[in-house]
Q: 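Sharing a structure here in structure tokens format.
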Number of protein chains: 2
Amino acid sequence: MTELKTDPRIVRTRKLIMDAFIELSSQKEFKDITVKDITTKAMINRATFYYHFQDIYDLLEKALSEVLLINLNYEKYENAALDEETIADIFLAVTKFQQSLSTRCHRGYEDTIARIIREQLEVIFYKMLLREHGLKDDSALKLAAGMLSWGIYGASVKWRQNSELGPEEFIKKAVPYLLHGVSKSFNGVHSCTSVGGKDGRI
Amino acid sequence: MTELKTDPRIVRTRKLIMDAFIELSSQKEFKDITVKDITTKAMINRATFYYHFQDIYDLLEKALSEVLLINLNYEKYENAALDEETIADIFLAVTKFQQSLSTRCHRGYEDTIARIIREQLEVIFYKMLLREHGLKDDSALKLAAGMLSWGIYGASVKWRQNSELGPEEFIKKAVPYLLHGVSKSFNGVHSCTSVGGKDGRI
DNA sequence: ACGGATCTGTCGGATATGCAACACATTCGA
DNA sequence: TCGAATGTGTTGCATATCCGACAGATCCGT
């Protein structure tokens, strides 16, 4: 829907840059990676880099977003119900993504990464909520999506601090709280028509 | 020497095309590979393909040449003496290259491949001869290089027909004939100053 | 034998990329 | 403290690449 096709050169060049950056990230820390390093490995001109990205931090954000989105396997959730199982799946994808990052060294950029994860989650949750509730109260949906994303990310932080349980068991214990908490406030304040109780859907 | 630098886009695009072609060659026969297949996998426009290559046969030649050159490890021979050991090395590289091709299906293009191999060998032999003899009789050097390349390729054909011996033993039996045959005619006709006998050098 | 489908090779006009140079900031050793 | 060296963003002009369309070739089912 409303897809305006982008120039193939742009797709190709972005991919070259992203791949080069991810490869470099596995070799040295982010703070030691220069734009020249990336463009050399990507076989493009340095000026072209700035045609696509604001700066190297912009690249970091977009690269991480992309990798996370792939990890999140977005098409899978596109039409899934926002139930316990889906949330558990997403939580697993997030923890898996964070573990894949921990090997590379991004010390000092935890906040950026956290924000990216939350933003991505928020977009996904918003789309799912929108599909289930329509847009009669958009700001409420956005609020719910935001809170869910913070909740999931917070859960992943909690889990890393206290990893006695496996991620599966951990999220299964946490998810009822998340779902009913969000569900209650959402239904209570805005009297949404959908029934929050039946199968755990919001 | 006299290197005019080529546009990086050209290098990059050629590499994309070559890599795509080599990848496709491992998946289906040459006759089933279309230009569209290649350009799609290489993420370039079809018109761009024709900017770089005459047609798909031109690509075949250049791709094979490149792969063979890499197999031949050209820098290694750049300054090596044209003695028995070097010739054996080159022979091994050729047989190894042909075996790497046999898995992919290039039926019907044996002649093309054979010609490419001979041409590449001829270039290498010519450079080595030129370095050892100077250019006082250029046409004679070219003749000798050509005969050597035919000889090596012929030896590889013979070896494939009769592979009771390993390639190492096989070429060691054949190389004295090659060396002295070429050496004699070359020295005899043109009275070259270098001594053909001493250590087997031409 | 016929038409549809696919592939080939080519063209002119639009666009992304390359290049060289620039000013500015940061780092680092003398 | 001072340069020298390196990295960052930006700019104008040159060029490789993209697009869409075209005519002809080849293949294939009916």
Side-chain angles (χ1 to χ4, degrees), chain A residues 2-25 27-64 66 104-109 112, chain B residues 2-25 27-64 66 104-109 112:
Chain A
T2 75
E3 309 192 2
L4 55 140
K5 35 188 168 183
T6 63
D7 192 310
R9 284 172 285 185
I10 292 184
V11 178
R12 189 214 307 140
T13 299
R14 288 222 167 103
K15 175 172 168 52
L16 288 172
I17 293 178
M18 295 254 186
D19 289 350
F21 175 64
I22 289 175
E23 166 105 19
L24 280 173
S25 291
Q27 295 169 1
K28 47 174 145 175
E29 297 192 28
F30 176 75
K31 72 175 175 53
D32 294 329
I33 296 177
T34 131
V35 174
K36 182 75 183 147
D37 291 339
I38 297 170
T39 56
T40 299
K41 177 161 297 231
M43 296 202 295
I44 59 146
N45 191 275
R46 203 166 56 86
T48 305
F49 176 92
Y50 293 100
Y51 182 88
H52 292 276
F53 301 96
Q54 195 86 9
D55 51 32
I56 205 174
Y57 302 98
D58 186 31
L59 169 62
L60 174 65
E61 295 202 15
K62 290 176 176 163
L64 288 184
E66 182 143 309
R104 303 173 199 140
C105 297
H106 287 285
R107 285 193 295 261
Y109 294 92
T112 302
Chain B
T2 74
E3 309 193 4
L4 55 140
K5 36 187 167 181
T6 62
D7 193 309
R9 285 172 284 185
I10 292 184
V11 179
R12 189 213 308 141
T13 299
R14 288 223 166 102
K15 175 172 169 51
L16 288 172
I17 293 177
M18 295 252 185
D19 289 348
F21 175 64
I22 289 174
E23 167 105 19
L24 279 173
S25 292
Q27 295 169 1
K28 46 174 147 176
E29 296 192 29
F30 176 75
K31 72 175 175 54
D32 294 329
I33 297 177
T34 131
V35 175
K36 181 74 183 148
D37 292 339
I38 297 169
T39 56
T40 299
K41 177 162 295 231
M43 296 202 296
I44 60 144
N45 190 275
R46 204 166 56 86
T48 306
F49 176 91
Y50 293 101
Y51 183 89
H52 293 276
F53 301 97
Q54 195 85 10
D55 50 33
I56 204 174
Y57 302 98
D58 185 31
L59 169 62
L60 174 65
E61 294 201 15
K62 289 176 177 162
L64 288 184
E66 184 145 306
R104 302 172 200 142
C105 296
H106 288 288
R107 286 192 294 260
Y109 295 93
T112 301

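Lettering follows sequence order; numbering is per chain, from 1.
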Q: Can you name the nearest heavy-atom pair linking Ala20(B) to Lys41(B), along with the distance?
A: CB-CG, 3.8 Å

Q: So, taking the atom named CD1 in Ile38(B) and the one named CD1 in Ile22(B), what distance separates them when rounded to the nearest 0.5 Å?
A: 11.0 Å

Q: Distance check needed: dG9(D) C1' versus Asp55(A) CG, whole Å only.
A: 10 Å

Q: Quick one: Lys36(B) NZ to dC18(D) P, roughly how many Å, whole number?
A: 11 Å

Q: Mind calculating the distance between CZ (Phe53(B)) and P (dT8(C)) to the nearest angstrom?
A: 15 Å

Q: Taking atom P of dT10(C) as reference, at what distance in whole Å does atom CD1 of Ile56(B) sit?
A: 14 Å

Q: Which nucleotide, dC7(C), dC18(D), dT8(D), lies nearest any side-chain atom of Tyr50(A)?
A: dT8(D)

Q: Base, sugar-phosphate, or nothing for Arg14(B), non-hydrogen atoms under 4.0 angstrom?
A: nothing

Q: Among the candidates dC19(C), dT8(D), dT17(C), find the nucleotide nearest to the side-chain atoms of His52(A).
A: dT17(C)

Q: Under 4.0 Å between a side-chain N or O of Thr34(B) and OP1 or OP2 of dT6(C)?
A: no

Q: Say you draw a straight line from OH of Tyr57(B) to NZ of Lys62(B); how long is it, rounded to the nearest 0.5 Å?
A: 16.0 Å

Q: For Lys31(B) and dC7(C), give me the distance from atom NZ to atom P, rounded to whole Å.
A: 14 Å

Q: Please check the phosphate of dT17(D) (OP1 and OP2 only) for any side-chain N or O of Arg12(B) closer than 4.0 Å.
A: no

Q: For the residue pair Asp32(A) and Asp37(A), what are the closest heavy atoms and their distance?
A: O-OD2, 3.8 Å

Q: Using a 4.5 Å cut-off on heavy atoms from C-beta on, say whether the side chain of Val35(A) contacts that of Tyr50(A).
A: yes

Q: On DNA chain D, nearest-nucleotide positions of Ile33(A) versus Asp7(A): which is more 5'?
A: Ile33(A)

Q: Can you tell me if Asn45(B) touches the phosphate of dT17(D), counting only side-chain N or O atoms and a distance under 4.0 Å to OP1 or OP2?
A: no

Q: Given atom CG of Leu59(A) and atom C1' of dG9(D), what is their separation to the nearest angstrom?
A: 15 Å

Q: Which whole-number value in Å describes the distance from Gln54(B) CD to dT10(C) C1'?
A: 12 Å

Q: Figure out the CG/P separation between Asp32(B) and dC28(D), and round it to whole Å.
A: 11 Å

Q: By nearest heavy atom, map Phe49(B) and Pro8(B) onto DNA chain C; which one lands nearer the 5' end?
A: Phe49(B)

Q: Can you tell me which nucleotide in dG9(C), dC18(D), dA16(D) comes closest to the side chain of Thr48(B)?
A: dC18(D)

Q: Is any side-chain N or O of Arg46(B) under 3.5 Å from a base N or O of dG9(C), one able to act as donor and the other as acceptor?
A: yes

Q: Look at the side chain of Arg9(B) against the base of dT17(D) and say whether a donor-acceptor pair falls under 3.5 Å; ignore hydrogens and angles.
A: no

Q: Does Tyr51(B) make a side-chain N or O approach to OP1 or OP2 of dT17(D) shorter than 4.0 Å?
A: no

